[in-house]
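Per chain, numbering begins at 1; letters A, B, ... match sequence-line order. The structure presented is a predicted model; accordingly, all values stated were derived computationally and were not measured.
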Amino acid sequence: MPELAEVETVARGLKALRGRRLVGVFVHDGRDCLLTPGRLAWLCGRRLAAVERWGKWLGLRLADGHRQPLWLLLHLGMTGRLLRASAGAPLPPHTHLRFALDTGEELRYSDPRRFGAVQVLAGDELRQWLARLGPDALAISWTAFRARLQRRARIKALLLDQRVLAGLGNIYADESLWRAGIHPARPACSLSAAERMRLWRSMRVVLRQAIRYRGTSVADYVDLDGRRGAFQKHLHVYGRAGQPCRRCRTPLVRILLAGRGTVLCPRCQPEGG
DNA sequence: AAGATTACCTGAAGGC
DNA sequence: TGCCTTCAGGTAATCT
């Protein structure tokens, strides 16, 4: 599941392609993912000028001399992949889009489960579009994070809400809460200042470690060059229900929260706080 | 109206 | 062996 660390890994790979010109766009099956299908043709002839990441979104800035820059925005959803390949290489199934580069290489966007999205924005539309996203989980300050938890919703639901905080998904929400010793079902506003600080710090440590290991590959995720991440070997709770807590050996418990499977240590993350 | 739940999608995995 | 059901989860839409 591409979350912040996986998207960051892809973004870093894309930065090696800065300066390359986009010479062709091919749509194979973009039924749902293409939010602005008519705009894809605008991209042709432009050069990749910059690569950004906002939460789980990738932003490719495509420049063309004096004209207004365009942004190609990509979300990998749950099973989305962005792969660099030579133009003649066999096309994997569920490839929705291909972007041909002036090097003879292609960027290929595939997504079997179709939860991803692709959008093209003019430069002056970006600010408004970004307003719907909360601050990036690695960029948010401690004071801003603390303030955003002043709500009654369960803390895990807030961590997953991209309008509150952008970048966390099911894996890193569970890992961050375990590291901070906070039960995912607790009302966010019930967390003390010390607990909020632990959570902010834990989130940052988990995400940075995950980026260092080039992301978590539990199922589909691979980077731009098809390589799996390695952080799945370092997960403490996600996917470990029934196994002993790495801190206290208590068997980990799985519950349903915010419609998501949630794994926690009942001893290290007491419900009462 | 904030917070909770459901729908969307499709491959993998398990049951019988 | 093969068909059926269930599960996975990011996000938007829908409920309460």
Side-chain angles (χ1 to χ4, degrees), chain A residues 1-11 28-36 53-59 73-82 92-97 109-119 121 128-137 147-177 183-191 203 207 210 215-222 228-229 231-232 235 237-242 252-264:
Chain A
M1 284 60 72
E3 305 178 26
L4 187 150
E6 292 73 40
V7 179
E8 176 66 23
T9 303
V10 173
H28 294 269
D29 183 0
R31 278 177 290 171
D32 303 322
C33 69
L34 290 175
L35 303 179
T36 51
R53 179 191 58 75
W54 305 285
K56 302 172 189 174
W57 282 88
L58 278 171
L73 304 177
L74 300 160
H75 195 297
L76 300 179
M78 182 177 165
T79 54
R81 287 178 170 179
L82 193 61
H94 305 292
T95 300
H96 304 313
L97 288 170
Y109 177 85
S110 65
D111 181 20
R113 214 147 291 183
R114 298 175 174 276
F115 281 5
V118 179
Q119 178 139 30
L121 291 187
Q128 186 179 358
W129 184 88
L130 282 176
R132 66 204 201 98
L133 273 187
D136 187 82
R148 290 205 162 229
L149 300 194
Q150 291 294 8
R151 292 167 55 173
R152 291 190 191 87
R154 292 158 160 178
I155 181 59
K156 177 167 176 180
L158 275 198
L159 293 180
L160 291 176
D161 188 336
Q162 304 297 298
R163 296 165 298 186
V164 173
L165 184 72
L168 292 193
N170 207 30
I171 296 175
Y172 299 122
D174 277 9
E175 293 296 316
S176 299
L177 287 163
H183 195 288
R186 288 186 51 198
C189 57
S190 77
L191 269 61
M203 176 178 79
L207 290 172
T216 303
S217 294
V218 288
D220 300 277
Y221 167 72
V222 292
R228 290 165 57 81
F231 194 64
Q232 63 276 10
L235 296 173
V237 283
Y238 182 87
R240 297 193 66 243
L252 299 176
V253 168
R254 181 191 154 94
I255 63 174
L256 201 62
L257 207 156
R260 295 288 163 259
T262 300
V263 185
L264 63 103

To the nearest angstrom, how far is A:Leu76 atom CG from C:dT11 atom C1'? 14 Å
Answer with base, sugar-phosphate or nothing: what part of the nucleic acid does A:Met78 contact at a heavy-atom distance below 4.0 Å? base
Nearest nucleotide by nearest heavy atom, which residue falls closer to the 5' end of DNA chain C, A:Trp57 or A:Leu256? A:Leu256
Could you tell me whether a side-chain N or O of A:Arg148 sits under 3.5 Å from a main-chain N or O of A:Leu158, the two making a donor and an acceptor? no
Mark up nucleotides 2-10 of chain B, 5' to 3', with B wherever a protein heavy atom is under 4.0 angstrom from a base atom, S wherever such an atom reaches only the sugar-phosphate, and - elsewhere. -SS--BBBB
Does CD belonging to A:Gln150 count more than 12 external heavy atoms closer than 6.0 Å? yes
Between A:Met1 (CE) and B:dG11 (P), how many Å, whole number? 17 Å
The dot-bracket string of DNA chain C, counting Watson-Crick and G-U wobble pairs with both distances under 3.5 Å, using [ ] for crossing pairs and | for pairs to another strand, is .|||||||||||||||
From the list A:Val7, A:Val10, A:Leu97, A:Val222, side chain to side chain contact (heavy atoms under 4.5 Å, CB included) partner of A:Leu82 resolves to A:Val10
Could you tell me how far apart A:Arg81 (CZ) and C:dG10 (P) are, to the nearest whole angstrom? 17 Å
Rounded to whole Å, the CH2-P distance (A:Trp129 to C:dA12) equals 9 Å
Salt bridge (Lys or Arg N to Asp or Glu O under 4.0 Å) contacts touching residues 163-172 of chain A (sequence neighbours left out): A:Asp161-A:Arg163
Who are the side-chain hydrogen bond (donor to acceptor under 3.5 Å, both in side chains) partners of A:Tyr172, not counting sequence neighbours? A:Glu6, A:Thr216
Backbone N or O of A:Leu235 within a donor-acceptor pair of the A:Glu175 side chain at under 3.5 Å? no
Looking only at atom types and distance, does a side-chain atom of A:Asp174 sit under 3.5 Å from a main-chain N or O of A:Val263, one as donor and one as acceptor? yes
So what does A:Gly261 hit on the nucleic acid, given a heavy-atom distance under 4.0 Å: a base, only sugar-phosphate, or nothing? sugar-phosphate
Quick test of your reading of the model: are A:Arg114 and A:Asp29 salt-bridged, counting only N-O distances below 4.0 Å? yes
Could you list the residues that satisfy side-chain hydrogen bond (donor to acceptor under 3.5 Å, both in side chains) with A:Arg53, not counting sequence neighbours? A:Glu8, A:Asp136
The side chain of A:Lys56 lies closest to which of these nucleotides: C:dA12, C:dG10, C:dC7? C:dG10
Taking the six-membered ring for Trp, are A:His75 and A:Trp57 parallel (under 30°), tilted (30 to 60°) or perpendicular (over 60°)? perpendicular
Could you give the CG-to-P distance, from A:Asp220 to B:dG11, as a whole number of Å? 11 Å
Rounded to whole Å, please give me the gap between CD1 in A:Ile255 and P in C:dA8. 13 Å
Name of the residue among A:Leu35, A:Leu121, A:Val118 meeting side chain to side chain contact (heavy atoms under 4.5 Å, CB included) with A:Leu73: A:Leu121
Residues of residues 160-174 of chain A with a heavy atom under 4.0 Å from any atom of DNA chain C, listed by number, are A:Gln162, A:Gly169, A:Asn170
